[in-house]
There are 2 protein chains.
Amino acid sequence: MSKELSERKKKILHALVDLYIATGQPVSSADIQKGYMSDVSSATIRAELSALEALGYVDQPHTSAGRVPLKPAYQLYVGDIEHMGAGALTDAETAFIRSRFADKLSEVRDISKRAAEIISDVTNYTSFFVSLRGGSVVIDEIKLVPLKAGKVLVLIVTDEGIIADKTITVSEGVRHEYIESATRMLNNVFAGRTIGELEGMDLDSELNAETDSFRDIFDAVLAIIQTYMAEHGDDVVVEGALKMLDYPEYNNVEDAKNFLAVISDHDSVSELLAEAEDSIEFSVRIGKEDSGVDKCAIITASYKVGDEVVGRAGVIGPERMDYKKVIGVLEYMKKALGAVLDDDKDKD
Amino acid sequence: MSKELSERKKKILHALVDLYIATGQPVSSADIQKGYMSDVSSATIRAELSALEALGYVDQPHTSAGRVPLKPAYQLYVGDIEHMGAGALTDAETAFIRSRFADKLSEVRDISKRAAEIISDVTNYTSFFVSLRGGSVVIDEIKLVPLKAGKVLVLIVTDEGIIADKTITVSEGVRHEYIESATRMLNNVFAGRTIGELEGMDLDSELNAETDSFRDIFDAVLAIIQTYMAEHGDDVVVEGALKMLDYPEYNNVEDAKNFLAVISDHDSVSELLAEAEDSIEFSVRIGKEDSGVDKCAIITASYKVGDEVVGRAGVIGPERMDYKKVIGVLEYMKKALGAVLDDDKDKD
DNA sequence: GTTAGCAGTCGGAGCGATTGAGTGCTAGCA
DNA sequence: TGCTAGCACTCAATCGCTCCGACTGCTAAC
């Protein structure tokens with residue numbers, strides 16, 4: 001792979017991957033000649049293929065079979081696509097996408113879910129969407145709301161909305177002044193900080209004689225934030241997990257099970273996406289041997305609002321997947337999502 | 001099936017199901033004789049089997065094969081088990097269950113999830129757990145909490161906790177008196193009612209000239225409740241969905257896919273469980289032809305706190321599943337869950 | 001460097017023989 | 001009348017075999 005391939009070799013390789021993606025069958029020299037290179041004979045193509053095999057780009061399942069692309073071939077192919085521009089979507093497809101985004105979705109989670117659905121439906125592959133709000137949520141304000149029976153509802157208001165599902169019981173009863181000073185204390189400590197910051201901090205040091213009397217409330221608030229962190233670290237949505245089973249690559253139960261196990265575990269999905277490098281917009285990885293999703297390719301794209309990456313979408317499919325289409329869809333989603341998110345911003 | 005089977009036929013049938021559950025292979029007359037009826041010859045058993053086949057209890061995949069139980073056979077078998085008492089769990093199993101319930105779980109959802117996990121892990125089948133809090137949640141109180149910038153947080157306090165994920169914007173600003181009268185109005189209408197009641201009611205009739213000025217707040221509250229209904233109607237947890245793929249019955253991708261599609265759709269799971277009759281404690285259904293989960297048996301159990309059914313657990317597995325064990329586990333869970341829930345009640 | 005032509009390879013489909021598990025039947029026995 | 005021993009029969013599954021055809025690799029000629 002040190003040397004550049006000749007133009008003809010590249011052309012043959014591209015044709016081979018194209019055909020293999022379309023049919024899933026080993027590609028013969030005659031196939032390539034018929035569809036792509038009627039100017040030379042199949043024998044010539046055979047000779048080239050033989051060379052490509054030696055270079056590790058293609059493989060032969062057995063002596064009398066056609067050639068099958070290997071990882072380097074896919075990589076070259078994907079590179080070509082990114083150069084040449086992605087495949088355009090059909091009108092029906094763009095219409096479909098727009099219609100699915102037509103209803104107003106307010107929750108971030110709903111948008112992620114819808115986006116993942118759309119991607120999966122249009123591409124017919126398994127898709128996932130991760131909203132990266134992790135540590136960057138800013139705590140605006142903490143409110144304590146007295147309820148009946150010595151209970152206090154803790155409200156944590158952030159720029160992303162409210163984290164408020166915890167009632168705590170206070171020993172002191174619900175004296176008004178007590179609640180007020182507790183609220184002051186909590187806001188001193190927490191307000192204006194991001195959740196990410198809190199994680200690394202030594203919070204005990206912030207406590208002093210005065211605040212120490214609110215110790216239990218303080219601990220409760222901290223617990224809520226930590227729970228929130230754990231649950232919402234990265235919000236992962238997976239759609240169309242079962243679609244993978246339609247492809248012959250996963251037509252045996254063992255592999256299918258493996259795949260589903262990985263894909264249903266949100267942590268591993270998050271990890272898969274995290275490996276995408278930040279610097280590039282599209283990242284295609286093919287055949288991760290470890291991690292149970294070998295025989296797969298993963299294409300990811302990052303979505304930004306302003307300068308900040310707010311989400312990352314991905315498609316996972318068989319190595320021989322329709323890269324053009326998938327990249328096209330992810331590309332188009334960038335526009336569509338941008339519109340939805342901006343809309344959402346305006347509403348606030 | 002009109003006539004009672006002879007004791008010997010029953011015994012043979014029971015043996016046959018036992019063996020079939022253990023091996024998954026068609027059972028021969030010799031097998032039955034060896035393990036269960038050394039007092040008569042295989043020829044006699046063959047004659048009985050032949051009769052049972054005519055009665056529709058068993059089937060022969062082909063002329064020279066053993067017999068396989070049909071639905072009626074399973075039903076008889078399950079009836080026997082329920083009579084005779086379920087299989088006792090091993091010490092290791094009960095210890096495992098207790099240890100998994102050892103950590104304090106406060107959220108209803110966490111408990112459901114844990115329970116489903118335990119059931120699935122001990123039985124090695126797919127399990128689900130539905131918390132039926134649906135319409136019976138009582139609204140205790142509605143609170144409006146003013147936030148910065150003309151926004152108001154709506155809090156709906158119920159006996160099950162708080163539904164509070166909605167901020168609304170009020171045109172009037174956040175004048176204290178306005179908020180107070182709105183709160184009064186809302187509590188007049190909603191407090192003390194269950195969510196289920198609200199659904200059937202003509203709420204507009206409750207509005208009068210006075211309340212009409214709070215129309216937007218009123219509508220917002222209603223919307224929140226309706227959203228809650230839709231999302232929390234029945235809280236369904238499914239665990240170990242992939243375990244089904246270990247059983248040869250689902251060793252082909254087509255069936256596996258079908259099964260997973262049903263099981264991942266919480267609505268259909270909810271439906272499956274809803275079909276369990278309320279009157280009986282254990283409900284076993286075998287081979288629902290429609291609904292994609294044919295070739296399956298479903299065992300459900302209801303769990304009560306006091307007199308109220310709070311949840312329903314189920315196990316779904318191949319028809320030839322280890323009924324004794326599953327029923328034993330569900331039975332034991334009744335005790336274990338009872339303890340956890342009571343504990344939880346005490347804490348409140 | 002390219003091509004036509006041909007021999008060689010190998011997977012897969014199709015076919016028949018063989019095996020063996022398990023039955024149904026029948027004649028004889030208690 | 002009910003049970004059993006024994007035997008003939010059936011049929012899925014397995015194996016081995018051949019045949020077919022889709023490809024390739026090679027070689028000799030252009």
Side-chain angles (χ1 to χ4, degrees), chain A residues 3 5-13 15-20 22-70 73 248-249 251-252, chain B residues 3 5-13 15-20 22-70 73 248-249 251-252:
Chain A
K3 252 198 173 162
L5 292 178
S6 74
E7 274 313 307
R8 193 166 73 184
K9 281 200 179 59
K10 280 192 198 164
K11 194 173 167 194
I12 288 176
L13 214 42
L16 184 127
V17 175
D18 245 13
L19 286 167
Y20 187 69
T23 65
Q25 297 294 317
V27 179
S28 75
S29 54
D31 290 340
I32 295 179
Q33 190 213 12
K34 245 184 294 170
Y36 293 78
M37 316 195 77
S38 33
D39 51 331
V40 294
S41 83
S42 66
T44 310
I45 295 174
R46 265 199 305 280
E48 294 281 49
L49 284 174
S50 188
L52 285 168
E53 184 168 353
L55 291 168
Y57 283 97
V58 299
D59 191 30
Q60 228 177 348
H62 56 266
T63 335
S64 69
R67 297 319 205 281
V68 161
L70 291 177
E249 279 84 346
N251 230 327
N252 67 82
Chain B
K3 253 195 170 166
L5 293 177
S6 73
E7 273 314 306
R8 192 166 71 183
K9 281 198 180 58
K10 281 193 198 163
K11 193 172 167 193
I12 287 175
L13 215 42
L16 184 127
V17 176
D18 244 14
L19 286 166
Y20 188 69
T23 65
Q25 297 294 317
V27 179
S28 74
S29 53
D31 290 342
I32 295 179
Q33 190 213 13
K34 245 184 293 167
Y36 293 76
M37 317 196 76
S38 33
D39 50 333
V40 294
S41 84
S42 66
T44 309
I45 295 173
R46 265 199 303 280
E48 295 281 47
L49 284 174
S50 189
L52 286 169
E53 184 168 353
L55 291 169
Y57 284 97
V58 299
D59 190 31
Q60 227 178 348
H62 56 266
T63 336
S64 68
R67 297 317 205 283
V68 161
L70 291 178
E249 278 85 348
N251 230 328
N252 67 81

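In the text below, chain A, chain B and the rest are named by the order of the sequence lines, each starting its count at 1. In this text the structure is predicted, and so the values were computed from the model without any measurement.
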Test log, rule side chain to side chain contact (heavy atoms under 4.5 Å, CB included), inputs Tyr57(B) and Leu5(B) = CA-CA 11 Å; Tyr57(B) 284 97; Leu5(B) 293 177; 3.7 Å; yes
Please walk me through it: do Val17(B) and Val27(B) pass side chain to side chain contact (heavy atoms under 4.5 Å, CB included)?
-> CA-CA 9 Å; Val17(B) 176; Val27(B) 179; over 6 Å; no
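As rounded to whole Å, 10 Å separates atom C1' of dT3(C) from atom CZ of Arg46(A). Between the CG atom of Asp39(B) and the P atom of dC3(D) there is a distance of 10 Å, rounded to whole Å. Distance, Gln60(A) CD to dC10(C) C1': 11 Å, rounded to whole Å. If you measure from atom CD1 of Ile12(A) to atom P of dT24(D), you get 12 Å, rounded to the nearest angstrom. Atom CG in Asp59(A) sits about 15 Å away from atom P in dC10(C), given to the nearest Å. Taking atom CD of residue Glu7(B) and atom P of nucleotide dG2(D), one finds them 17 Å apart after rounding to whole Å. Between Leu49(B) atom CG and dT4(D) atom P the separation is 14 Å, expressed in whole Å. In this entry the distance linking CD of Glu48(B) with C1' of dC25(C) reads 16 Å, nearest Å.
Out of dG25(D), dT23(C), dG11(C), the shortest distance to the side chain of His62(A) is found at dG11(C). Distances were taken from every side-chain heavy atom of Thr44(A) (C-beta onward) to each of dT24(D), dG24(C), dT3(C); the shortest belongs to dT3(C). Set against dT4(D), dG5(C), dT2(C), the side chain of Arg8(A) has dT2(C) as its closest nucleotide. Among dT2(C), dG24(C), dA5(D), the nucleotide with an atom closest to any side-chain atom of Arg67(B) is dG24(C).
Side-chain contact between Asp31(A) and Gln25(A) is absent, with no heavy atoms from C-beta onward closer than 4.5 Å.
Closest-nucleotide positions on DNA chain D for Ser29(A) and Ser41(B) were compared, and the one nearer the 5' end corresponds to Ser41(B). Ranked by how close their nearest DNA chain D nucleotide is to the 5' end, Ser28(A) and Val40(B) are led by Val40(B).
Among the heavy atoms of the strands, none lies under 4.0 Å from Asp31(B).
Across Ala51(A) and Lys9(A), no two heavy atoms sit closer than the pair CB-CE, 3.7 Å.
Side chain Ser64(A) to base dC10(C): a donor-acceptor pair is found below 3.5 Å.
Within the structure, every side-chain polar atom (N or O) of Thr63(A) is placed at least 4.0 Å from both OP1 and OP2 of dG25(D).
By the side chain to side chain contact (heavy atoms under 4.5 Å, CB included) test, Gln60(A) is found to be paired with Glu53(A), Arg67(A), residues two or more places apart in sequence or in another chain being considered.
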